[in-house]
Protein chains: 2
Amino acid sequence: MSTILEVAEMARVSTTTVSRYLNNRIELPADTAARIDAAISALDYRPNILAKRLSLGRTEAIGLMTPEIANPFFAELAAAVEDEAERHGYSVLMTSTGGNRDRELRSLRRLKDGHVDGLVMMTNRPDDGSLAKSLHQYGHIVLVDEDIPGVNVPKIFVENREGANAATQCLLDAGHTRIAHIGGPAALFSAIERLEGYRTALWDRGIQVDRASIRQGEYSREFGLAAMTELLAGPNPPTAVFAGSDFIAIGAMQAVRARGLSVPHDISLVGFDDMPFADLLAPGLTTIRQPTAELGRSGFRALLALMQKKTPADLTRLPVTLVMRESVAPPRASGR
Amino acid sequence: MSTILEVAEMARVSTTTVSRYLNNRIELPADTAARIDAAISALDYRPNILAKRLSLGRTEAIGLMTPEIANPFFAELAAAVEDEAERHGYSVLMTSTGGNRDRELRSLRRLKDGHVDGLVMMTNRPDDGSLAKSLHQYGHIVLVDEDIPGVNVPKIFVENREGANAATQCLLDAGHTRIAHIGGPAALFSAIERLEGYRTALWDRGIQVDRASIRQGEYSREFGLAAMTELLAGPNPPTAVFAGSDFIAIGAMQAVRARGLSVPHDISLVGFDDMPFADLLAPGLTTIRQPTAELGRSGFRALLALMQKKTPADLTRLPVTLVMRESVAPPRASGR
DNA sequence: TTCAGCTAGTAAAGCGGTTGCGTAAAGGGG
DNA sequence: CCCCTTTACGCAACCGCTTTACTAGCTGAA
């Protein structure tokens, strides 16, 4: 590997000149420039990035913290971040934390220690406040998809309320009145917002919101299965369910089947996320599509702005859309 | 941020001593060590990793090239690589190439330019030979999941032949004799091996392998749908299909349904991969499970060996297993 | 007493860039 | 013709760590 010094010698200039020329910090007469260019290609010179980083004190890399890269939602989001980062000359250092606090901290320390210049952070673990307090000391951070309350960094979320509202309305429009909600963790921001959206939709139609038809738990299939099984066994089972995530919806679907009932014939179902598998199911799952890729791109852009000492918006909300498939139908024979 | 020099001064030793002490290259008398320790914690010293990297000429980071991180298979594999890497103190720089040659080359150049010390490489694009030729110049590379013929680097694959064989046998055992195969790209190593496994299984039972019941194309749902539609429209449609991937299987399943037939009643189906959604389907998809995480871990370990100047195995084959679900049944009423 | 052989360090030269000052030479205006 | 401004570049310090080569002082054996 040749160095900038060799290039400078071959072009009969100083390293200063070469460095400035390469970084567009100087305008050189054509022949000098040509000599440098010639030397560079003759030596096949490529700047040593490690030296450059030390000298500049930055890495031109960002971190990407995701709870679970194997989850298609986060994977797609990660892909979008990476794509946008690449487009701006940044590399992406990925960490899949598995919701593990230790790994989250390790990723944050990487930021502090200068492995990366900034961090796109996603977490789905409710915070006890300690993370929120310590976060500002780390540097450039952007929060995507899920909030950590009390943290003062740019945030990019989707319109959870509006989405939940649309999902519930879709069920109302189909004629349902006994609509249950199986939502995510009670402590999680997105789950809270989605619950609010659901409540508002019912409220707006003058429908009493029944505590008993609201379940909160993990955004997982297992929880969906368990919660739906309970609901179905209850005294006054719903004719429709708005699930807080597609995973929950799938679990619910299983529960419905296990009971010998069918979606959408006996029970209508709407999910949230529009995971890639949502349309593989039979029946295809009606759900709220999140602009996953846009979430990632916006996240990176906000981070970039931060790193360039600009001030990105404190909060960006991206719109969601209802995707109609086959899991919603009018309630059976009305009444009971 | 404090530097090693400040630590040295506070501990009244030289930077050399501090550096050696920190890197376990020297044994110090207890009181000297204690002074250094004290200085370090008093100053909250953390070594500047950029300086360290420049000095050592390595980054303690590896690259991870995947065709499509949004594909759950690669995502899970990536998670495993990252996990294993983290365990050994390495960071992971991820690139999702989308099968784009340019991005592949960019990722390779990152290796050459010293951004990373090694690369776990996955590609699903058939190579025209140019990649194979240029690959050795880049440095430490390990190939995972899919081969690039003619490349002399450690490789980690699964037992494609054995898996395909088991899948086909499972259909044979159920009583099928007209078994079609919808496989991956004809130029792709894994697809070739899976086809071989299918052929051998039929051959071993003395069943004529019919050219017309073999289709090759993308590992995608769309291709599965198209190919299966064709097969069903043919003169002598199969009663069972071994699909080269779960995506293909899903497409095939759609085609079966579109024709008013049912899986497994009219057509039995076996996939390959055991994607996370394989058991979400109704019926659950019988398929060949790949040890995805192990593929990732082994990949990293081989790379680590390479980077430590050890010599990992040229080729590692990981076993696959047949996962029985509900998409296989005996052929209908035998005969026709 | 002498000297080899430890112990416990140190000085300084890298690693390969970037950059704040500075300056020689050429050009131009008065 | 003199002085001031450009133009075109160079010197050397600096980023913070690692490592080679070396030494002062002590111990113990011959």
Among C/dG20, D/dC17, C/dG16, the one nearest any side-chain atom of A/Arg20 is C/dG20

Whole-Å distance separating the CG atom of A/Leu43 from the P atom of C/dG16 | 14 Å

Give a yes/no on whether any side-chain N or O of B/Thr3 is located under 4.0 angstrom from OP1 or OP2 of D/dC15.
-> no

Nucleotide of D/dT18, C/dT18, C/dG9 approaching B/Ile4 most closely (side-chain heavy atoms) | D/dT18

When rounded to whole Å, the CD to C1' distance for the pair B/Glu27 and C/dC6 reads 14 Å

D/dT18 phosphate, OP1 or OP2: any side-chain N/O from B/Ser19 under 4.0 angstrom?
-> yes

Can a side chain N or O of A/Arg25 be found less than 4.0 Å away from OP1 or OP2 on C/dT18?
-> no

Of the listed C/dT10, C/dG17, D/dC17, the closest approach to the B/Asn48 side chain comes from D/dC17

Is A/Asp128 close to A/Arg101 at the side-chain level, that is, under 4.5 Å between some pair of heavy atoms?
-> yes

Below 3.5 Å, does any donor atom in the side chain of A/Arg53 face an acceptor in the base of D/dG16, or the other way round?
-> no

A/Pro29 side chain, from C-beta outward: closest of C/dC15, D/dA8, D/dC17 = D/dA8

Nearest-Å distance, CG (B/Leu5) to P (C/dA11)?
-> 11 Å

For D/dC9, does OP1 or OP2 lie under 4.0 Å from any side-chain N or O of A/Thr32?
-> yes

Given C/dT18, D/dG16, D/dC9, the nucleotide with the shortest approach to the side chain of A/Thr15 | C/dT18

Given A/Thr316 and A/Arg301, is the side-chain contact (heavy atoms from CB on, under 4.5 Å) satisfied, shown in steps?
-> CA-CA 11 Å; A/Thr316 308; A/Arg301 280 197 291 260; over 6 Å; no

Between D/dC15 atom P and B/Leu54 atom CG, what is the distance in whole Å?
-> 14 Å

Round to the nearest Å and state the distance from A/Ile49 atom CD1 to C/dC15 atom P.
-> 19 Å

Atom CD1 of B/Ile26 and atom C1' of D/dT20: how far apart are they, to the nearest Å?
-> 14 Å

Under 4.0 Å: is that the gap between some side-chain N or O of A/Ser14 and OP1 or OP2 of D/dG10?
-> yes

CA sep, side-chain torsions, deciding dist, call: A/Thr95, A/Arg110, side-chain hydrogen bond (donor to acceptor under 3.5 Å, both in side chains) = CA-CA 10 Å; A/Thr95 311; A/Arg110 265 217 281 269; 2.8 Å; yes

Nearest-Å distance for atom pair CE/P, residues A/Met1 and C/dG17 | 10 Å

In whole angstrom, give the distance that lies between atom CG of B/Asp113 and atom C1' of C/dG17.
-> 14 Å

What do you reckon, is CG of B/Asp314 surrounded by more than 12 foreign heavy atoms closer than 6.0 Å?
-> no

Beyond-backbone contact of A/Leu119 with A/Met65, side-chain heavy atoms, under 4.5 angstrom | yes

Geometric class of the B/Phe300/B/Tyr90 ring pair [parallel <30°, tilted 30-60°, perpendicular >60°] = perpendicular

Counting any heavy atom closer than 4.0 Å, what does A/Tyr21 reach on the DNA or RNA strands: base, sugar-phosphate only, or nothing?
-> nothing

With the side chain defined as heavy atoms from C-beta on, B/Leu56 is closest, among C/dT18, D/dG16, D/dT18, to D/dT18

Answer with yes or no whether B/Thr16 presents, from its side chain, a donor or acceptor under 3.5 Å of a partner atom in the base of D/dT19.
-> yes

